[in-house]
Protein chains: 2
Amino acid sequence: MTEEPARATHVSLAAVFQVRAGGLQTLLWRRAEAPYEGDWALPGGYLAAYETLEASIRRHLTHKVDVGEVAHLEQLTTISEPGRHPAEWQLATAYLGLVASDVDPAVPSDTGWHPVESLPPLAFDHREIVLAARERLRAKLSYTNIGFALAPPEFTLSELRDLYVAALGHEVTATNLQRVLVRRGVLEPTGTRRESGPVGGRPPALFQFKRPELEVTDQFAVLRPPEASS
Amino acid sequence: MTEEPARATHVSLAAVFQVRAGGLQTLLWRRAEAPYEGDWALPGGYLAAYETLEASIRRHLTHKVDVGEVAHLEQLTTISEPGRHPAEWQLATAYLGLVASDVDPAVPSDTGWHPVESLPPLAFDHREIVLAARERLRAKLSYTNIGFALAPPEFTLSELRDLYVAALGHEVTATNLQRVLVRRGVLEPTGTRRESGPVGGRPPALFQFKRPELEVTDQFAVLRPPEASS
DNA sequence: CGAGGTTTACGCTTATAAGACGAAAACCCG
DNA sequence: CGGGTTTTCGTCTTATAAGCGTAAACCTCG
């Protein structure tokens with residue numbers, strides 16, 4: 001029995017976040033065709049033959065933003081509700097993308113940044129995807145070094161705190177942020193300090209993330225194994 | 001421009017775990033056809049037209065195990081490497097399934113349980129999927145109440161500890177396990193105690209999980225917001 | 001019926017991590 | 001040089017987890 005299996009179309013989508021104007025914003029483009037003509041949508045598009053999902057989302061992102069500016073990209077989930085597209089049977093694999101706050105990539109005229117706090121009407125199930133992506137980001141800020149993808153190469157603790165505040169949506173004290181990140185070994189001072197600005201005040205020390213690859217802090221593994229004694 | 005997008009085949013797969021004989025084991029079946037004829041493989045199969053991925057994996061699991069015994073099922077990731085199937089362009093969405101330790105579901109003759117510690121040669125990329133699923137399980141044991149899906153409705157602390165030991169692969173002290181889980185409010189004593197067995201010893205108290213739905217402990221959100229003062 | 005063995009339960013102590021707070025440091029401006 | 005501002009650092013308090021020892025509750029066997 002060699003029946004032909006059913007084949008759905010498949011798209012890759014990405015919720016690309018950047019902290020702008022003190023808030024978390026996501027990249028959207030305005031659809032010019034039905035369905036959902038005129039609504040805003042996530043960047044993405046059809047998977048090409050023999051193409052990897054990650055290659056696909058990178059290819060489609062290229063049309064909306066310089067993909068070199070996307071500091072982090074990870075798969076979230078695959079959505080398969082048959083009614084998610086009104087006209088065809090289409091699966092969607094959602095990605096989370098992050099852009100550092102010190103760049104302002106050029107985007108086409110149909111594309112722009114929108115605060116996640118006040119999203120316009122979105123096409124398909126894209127609103128749910130954006131909110132799920134934000135939850136993933138918030139969770140990972142706690143137990144990984146994913147903050148490196150939101151921050152410039154060098155930054156002061158106040159600037160980093162502002163990024164965390166924007167992404168997490170609640171206050172963060174710079175003191176504790178420093179201790180937590182330094183203890184985990186993901187943050188280190190560069191040794192230099194910024195020339196003080198026009199407002200005065202003590203010139204802040206500059207910090208950087210030690211490694212620009214995603215790392216999970218295993219410190220949150222409660223019931224962890226007993227220390228291997230030397 | 002209304003080009004036809006490319007369409008891959010799509011399968012759902014599940015790494016179904018159960019603690020058996022003191023170790024974590026996964027459900028495998030032996031392939032009778034090429035490719036990978038004779039190798040062991042994860043349960044799963046083609047996605048049917050207009051079928052949800054979760055419905056698909058449940059349908060395929062039915063052929064290998066009583067799906068009613070699967071206490072937890074969650075999506076892991078979607079794999080799209082074009083070379084993962086030697087003959088066709090096939091995507092795969094992997095699931096993690098858990099079966100409580102007090103049941104022994106009937107399985108077909110081509111299907112059996114295998115210790116994750118010593119897997120036989122597996123077809124396709126199924127070995128990686130099993131190991132990734134185990135990592136997900138281990139992580140979630142620390143910050144969710146997912147243990148309910150591995151444990152019987154009622155259990156002693158020693159039994160629960162044995163389940164955690166088997167799943168985590170390292171020692172766990174019953175004292176700390178109890179304190180951690182009770183503090184999080186996921187575990188509660190039933191009030192009854194088990195009649196003592198033939199070995200003697202103090203009869204243990206019986207416990208149960210409060211809620212059989214997956215819950216995430218937000219306690220691991222470091223840098224959490226300041227307490228809302230009343 | 002009591003001693004010894006076994007398993008569970010519980011409380012005390014120690015270690016570590018996080019949050020709160022205030023003082024000191026380092027700069028600007030007038 | 002004094003006042004204002006921002007950063008930095010240390011300390012105190014609280015919360016959580018781990019280690020450990022002892023008590024409790026049951027069995028069996030002599």
Side-chain angles (χ1 to χ4, degrees), chain A residues 141-145 147 154-165 168 170-208 217-229, chain B residues 141-144 154-165 168 170-208 217-229:
Chain A
L141 280 174
S142 278
Y143 65 90
T144 72
N145 63 343
E154 285 193 342
F155 47 85
T156 71
L157 267 180
S158 295
E159 292 165 355
L160 186 64
R161 177 178 56 93
D162 292 342
L163 292 178
Y164 272 72
V165 167
L168 291 173
H170 63 74
E171 284 307 309
V172 175
T173 67
T175 302
N176 289 330
L177 182 64
Q178 177 181 19
R179 255 183 319 120
V180 167
L181 294 184
V182 167
R183 190 203 319 263
R184 290 184 193 163
V186 303
L187 202 65
E188 65 182 2
T190 66
T192 60
R193 48 181 50 202
R194 174 166 298 170
E195 69 283 4
S196 57
V199 267
R202 174 172 179 165
L206 290 173
F207 288 81
Q208 62 190 8
T217 311
D218 61 318
Q219 159 185 350
F220 293 96
V222 165
L223 310 168
R224 53 178 161 279
E227 276 307 296
S229 54
Chain B
L141 280 173
S142 279
Y143 66 91
T144 72
E154 286 192 341
F155 46 85
T156 70
L157 268 179
S158 293
E159 292 164 355
L160 185 65
R161 177 178 55 94
D162 292 344
L163 292 178
Y164 271 72
V165 167
L168 290 174
H170 62 73
E171 282 308 309
V172 175
T173 67
T175 302
N176 288 330
L177 182 65
Q178 175 181 21
R179 262 190 324 216
V180 167
L181 294 184
V182 167
R183 188 203 314 268
R184 290 185 194 163
V186 303
L187 202 65
E188 66 183 1
T190 66
T192 59
R193 47 181 51 202
R194 174 164 299 168
E195 69 282 5
S196 58
V199 266
R202 175 172 176 165
L206 290 173
F207 288 81
Q208 62 190 8
T217 311
D218 61 318
Q219 159 185 351
F220 293 96
V222 165
L223 312 167
R224 54 176 158 281
E227 275 309 295
S229 54

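These values consider heavy atoms only, across backbone and side chains, with no hydrogens, waters or symmetry-generated copies. Below, chains carry the letters A, B, ... as their sequence lines are ordered, and counting in each starts from 1.
A donor N or O paired with an acceptor N or O is found under 3.5 Å between the base of C:dG19 and the side-chain atoms of A:Arg179.
Rounding to whole angstrom units, CZ of residue B:Phe155 and P of C:dT8 are separated by 14 Å. In this structure, B:Leu181 atom CG and D:dA18 atom P are separated by 11 Å, rounded to whole Å. Rounded to whole Å, the distance from CZ on B:Arg194 to C1' on D:dA25 is 16 Å. Between the C1' atom of C:dA20 and the CD atom of A:Glu171 lies a distance of 14 Å, rounded to the nearest Å. Atoms CG (B:Leu177) and P (C:dC10) sit 15 Å apart, rounded to a whole Å. Taking atom CZ of B:Arg183 as the reference point, atom P of C:dA17 lies 16 Å away to the nearest angstrom. Put simply, CG on A:Asp162 is 13 Å from C1' on D:dT7, counting in whole angstrom units. Rounded to an integer number of Å, the gap from CD of A:Gln178 to C1' of D:dC9 is 9 Å.
With sequence neighbours excluded, no residue forms a side-chain hydrogen bond (donor to acceptor under 3.5 Å, both in side chains) with A:Thr175. Taking B:Asp162 as the reference, nothing meets the side chain to side chain contact (heavy atoms under 4.5 Å, CB included) condition, with sequence neighbours excluded. Taking the ring-ring contact (aromatic ring centres under 6.0 Å, His included) definition, one finds that B:Tyr164 meets it with nothing, sequence neighbours left out. Not a single side-chain hydrogen bond (donor to acceptor under 3.5 Å, both in side chains) links A:Arg193 to another residue, sequence neighbours left out. Every residue two or more places apart in sequence or in another chain that forms a side-chain hydrogen bond (donor to acceptor under 3.5 Å, both in side chains) with B:Gln208 is listed here: B:Glu188.
Closest approach to the A:Ala205 side chain among D:dT8, D:dG19, C:dA18 is made by D:dT8 (side chain taken as heavy atoms from C-beta onward). The side chain of A:Asn176 lies closest to C:dA20 when the candidates are C:dA20, C:dA9, D:dA18.
At a threshold of 4.0 angstrom between heavy atoms, the contacts of B:Ala174 with the nucleic acid are absent.
Between the side chains of A:Thr190 and A:Thr192, a donor-acceptor pair is found at a separation under 3.5 Å.
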In B/S/- notation (B base, S sugar-phosphate only, - none; protein heavy atoms under 4.0 Å), nucleotides 21-26 of chain C written 5' to 3' is B---BB
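Within the 4.5 Å cutoff, side-chain heavy atoms of A:His170 are placed close to those of A:Val172.
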